[in-house]
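Here's the structure we're looking at; comments come further down.
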There are 2 protein chains.
Amino acid sequence: MEIIEIAKSLLKFKNNYIVKGIDDDGAVLRINNSYLILTTDMMVEETHIPSILAPEDIGFRIATANISDVVAMGAKPIAFLISLGLNKADKNFVKRFYLGLNEASLFYSCPIVGGDTVKSNSLILSGFCLGLTDKPIYREGKVGDKIYVTGDLGRVFCSLYIYYNFKDKLKDFMESYPNIFNKLKKPIARIDMIKYKDKFTGCCDISDGLAKELFYFKNFNIYSEKILKLVPKDVLDFCEEFKLNPLDVALNSGEEFELIITSKYKINKAKEIGEIIEKGRFLDGKEFNIKGGYVHKFY
Amino acid sequence: MEIIEIAKSLLKFKNNYIVKGIDDDGAVLRINNSYLILTTDMMVEETHIPSILAPEDIGFRIATANISDVVAMGAKPIAFLISLGLNKADKNFVKRFYLGLNEASLFYSCPIVGGDTVKSNSLILSGFCLGLTDKPIYREGKVGDKIYVTGDLGRVFCSLYIYYNFKDKLKDFMESYPNIFNKLKKPIARIDMIKYKDKFTGCCDISDGLAKELFYFKNFNIYSEKILKLVPKDVLDFCEEFKLNPLDVALNSGEEFELIITSKYKINKAKEIGEIIEKGRFLDGKEFNIKGGYVHKFY
């Protein structure tokens, strides 16, 4: 049993504010006529923080990871809290970290309102974000809806491929594929998409790769030709150099923070990759099974 | 410069929802006519979790630490999120942890609505609590207000004294001083006090010891005779056995989760220890200086 299943089976207490508990990108509470979105995301040095991230990048990234979940629920982030575990009082690191966090605070128009600081053996970041919306969006779609994906996919996969396999040549590759490493170093939550949210029937962000996230939408047809349109030129070049399949790369690239959106309308700044159907999961008409090897876990 | 000061100097962005940012037990946001309290509290194995705590105790405790901050601001906790860093998938630990958390959820009538789980080298707990109130209470008092403290003080100090100095005799002492160790193992946030909050002019919880927390109230007279009334019989016995000064113990016992309350009214279930004055800090008429040695940090 997964940890989340243990939690769901043991934690049953509800109150009248809860619209949705443990089950989506974030929890949803209703207070009067406002919906509050609550999300949290933790990063630890040993598991989540590639050493090529500068302190500023780490600060920006923890905000992005949390704010992305709020955005994926159709909400505006209105407050952020950050708890830090630090192994030494490295004030230079702390200052640069907060500078990155401040940049994110300005970029996303989301104030940092509090946090906690503790002594720990290695770096720990725990963010919490509060969002506000008049209409929460869930990980679901209606039969007949088109499925859209924002931005591009694959760069994070490629950068981690180098990071884990060719650490000694990292500098060279960072020079030859700058945009690939930029997306690892500074991913952006798609806060620009909130203004279209009234068109969304469903939404989630891509943390664990398109393939895995699509399963939240239960029944769908997707098309490789359409997915490949999300793969930018540098990723295609990279795939050729390293003999990787660009479709696999696009399906398995995690921490992209792009959005999967379902809608019956055309969605600006997003590309259609398929549709929600009655029953079954198909890629190019063939059964699409997560156990078929589409999901890697990088972190 | 303390980390919190670095954060305050660098993180300046505000929006119209923020009533109070980084500066109190929690942040305060106003949405329509409701005030939301946002608090977060992190605990890591190496710094915060004495090995005598059972997994159930740890689960209850992380909820208590967060909910106590919400209560100290005069709010009812309405949702809790918990992020976990685990060094191995020890499902027995996880189940028992969630059982303790569930007990807290029922005890405080506060639902657990989400969280995150990551792989880490040692146990990390990061809690976040959302509270709701029509009147937030801050760490302040009005001149002439009496200062009250709930419950009792000193037991946590004594239990940690044994834990750090006589680990080999821990079992014996746990038998001779059961209530002392019970308060370390299962402290309770004073949610029972919220019903009196309309009488409060100020409030904060005792995380770092009475002496340190009192400094948030700036100017005060306190009296040792009155403070000693907060010290239970077993702590007095313990102090005699170990030649400790019970006043020092009461002033420096942290993680008690009792409340310091200021009010011009009598407060039920709390004992008066002094009053807010115009200028200065005095214990029994003598200057009371935090640098005089009253603050120890146990964690």
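Below, chain A is the first sequence line, B the second, and so on; all start at residue 1.
Taking the charged nitrogens against the carboxylate oxygens, B:Glu258 and B:Lys183 do have a contact shorter than 4.0 Å, which makes a salt bridge.
Looking only at atom types and distance, the side chain of A:Tyr108 has a donor-acceptor partner in the side chain of A:Thr64 under 3.5 Å away. Between A:Ser126 and B:Ser83, the side chains place no donor N or O within less than 3.5 Å of an acceptor N or O (distance only, hydrogens not considered).
Proximity of B:Asn66 to B:Val70: side-chain heavy atoms (C-beta onward) are nowhere separated by under 4.5 Å. Looking only at side-chain heavy atoms (C-beta outward), B:Leu125 and B:Met42 stay at 4.5 Å or farther from each other. Residues A:Ile52 and A:Leu184 have side chains in contact (heavy-atom distance under 4.5 Å, counting atoms from C-beta outward).
Within the 4.5 angstrom heavy-atom criterion, only side-chain atoms of B:Ser34, from C-beta onward, approach chain A. For B:Thr39, the part sitting under 4.5 Å from any heavy atom of chain A is the backbone (N, CA, C, O) and nothing else. In this structure, no portion of B:Lys8 lies under 4.5 Å from any heavy atom of chain A. Interface remark: B:Leu11 contributes backbone and side-chain atoms alike to the contact with chain A (heavy atom separation under 4.5 Å). Only the side chain of A:Asn32 comes within contact range of chain B, with heavy atoms under 4.5 Å apart. The contact between B:Leu10 and chain A is made by backbone and side chain atoms together, counting heavy-atom distances below 4.5 Å. Both the backbone and the side chain of B:Lys119 come within contact range of chain A, judged by heavy atoms closer than 4.5 Å. Heavy-atom distances place the side chain of B:Thr117, and not its backbone, under 4.5 Å from chain A. For chain A, the nearby part of B:Leu36 is the side chain; its heavy atoms alone come within less than 4.5 Å. With a 4.5 angstrom heavy-atom cutoff, B:Ile4 does not touch chain A via any of its atoms. Only the side chain of B:Ile18 comes within less than 4.5 Å of a heavy atom in chain A; its backbone stays farther off. Both the backbone and the side chain of B:Asn121 have a heavy atom closer than 4.5 Å to some heavy atom of chain A. For A:Val113, the parts lying under 4.5 angstrom from a heavy atom of chain B are both the backbone and the side chain.
With chain A as partner, the option from B:Ile124, B:Leu130, B:Leu101 having the largest number of non-hydrogen pairs under 4.5 angstrom is B:Ile124. Counting heavy-atom pairs closer than 4.5 Å to chain B, the top-ranked of the candidates A:Gly26, A:Ser109, A:Gly85 is A:Ser109. Highest contact tally toward chain B, considering only A:Ile31, A:Leu84, A:Asp41, A:Ile78, is held by A:Ile78 [criterion: heavy-atom pairs under 4.5 Å]. Considering only heavy-atom pairs separated by less than 4.5 Å from chain B, the leading option among A:Ser122, A:Ala27, A:Gly21, A:Ser120 is A:Ser120.
Note that A:Lys20 lies in the cation-pi zone of A:Tyr138, set by a 6.0 Å cut-off to the ring centre and a 45° limit from the axis. The cationic group of A:Lys167 lies under 6.0 Å from the six-membered ring centre of A:Tyr163 and within 45° of the ring axis, placing it in a cation-pi geometry.
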Test salt bridge (charged side-chain N to carboxylate O under 4.0 Å, His left out) applied to B:Asp134 and B:Lys197, step by step: CA-CA 10 Å; B:Asp134 56 351; B:Lys197 80 169 181 357; 3.0 Å; yes
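Between A:Phe97 and A:Phe60, the ring centre distance reaches or exceeds 6.0 Å.
A salt bridge (Lys or Arg N to Asp or Glu O under 4.0 Å) with B:Lys186 holds for exactly one of B:Glu255, B:Glu56, B:Glu103; it is B:Glu103.
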